[in-house]
Amino acid sequence: MTLFIWNPSYSVNVKEFDTHHKKLISLINKLHSNMMEGRGREVLSEILSELKSYTKYHFQAEEELMQTHNYPHYAEHKKKHDELIKKVSEIEKKFKDGETNITIGTFKFLKSWLVEHIQFTDKKYAVHFNSKGIH
Ligand code: FEO
């Protein structure tokens with residue numbers, strides 16, 4: 001599995017959020033590399049929890065800016081955020097309860113979700129924010 005690398009085609013034209021996305025990518029890679037190295041449940045749990053916290057932080061930052069600037073697609077965007085948080089919480093819970101393992105499938109799911117979300121949902125806010133002077 002190749003490393004998940006940010007590239008300019010992922011840019012949402014808002015510097016702060018590009019930085020957040022890069023951090024999310026690095027956390028997904030961290031989860032992957034630790035999984036491949038066969039790290040224990042405790043280490044993987046900590047990374048998963050770090051990933052969830054940072055994801056929440058990032059989603060909240062986007063949502064606040066969308067609300068402040070009356071972004072017309074706020075509700076549908078927030079719904080997608082809520083769905084991912086729910087999904088990650090489920091993965092985390094099952095993993096902590098010993099019901100499942102972190103697998104390549106988990107990594108692939110997180111990677112595709114993020115790429116798709118950036119490309120098809122986040123990118124939609126670029127024009128709106130840029131028109132408010134936010135870059
Ligand atoms: Fe960058 Fe909507 O998450």
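Both counts, for ligands and for their atoms, begin at 1 and track the order of listing.
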| said: Taking Glu99 first and then Lys93, would you say they form a salt bridge - that is, a charged N and a carboxylate O separated by under 4.0 Å? | reply: no

| request: Not counting sequence neighbours, which residues clear side-chain contact (heavy atoms from CB on, under 4.5 Å) with Thr100? List them please. | output: Lys94, Phe95

| query | Strictly under 6.0 Å, is that where the ring centroids of His117 and His81 end up? | reply | yes

| said: Could you check whether any side-chain heavy atom of Glu92 comes within less than 4.5 Å of a side-chain heavy atom of Ser45, counting everything from C-beta outward? | reply: no

| remark: Near atom 2 (Fe) of ligand 1, meaning under 2.8 Å, the protein N/O/S atoms are Glu62 OE1, His77 NE2, His81 NE2, His117 NE2, Asp122 OD1

| task | Would you please classify the geometry between the Trp113 ring and the Phe59 ring as parallel, tilted or perpendicular, with 30° and 60° separating the classes? | result | tilted

| query | Are any N, O or S atoms from His21 nearer to atom 1 (Fe) of ligand 1 than 2.8 Å? | reply | yes

| request: Tell me, yes or no, whether the heavy-atom count around Lys22 atom NZ, taken from other residues, nucleotides or ligands under 6.0 Å, exceeds 12. | output: yes

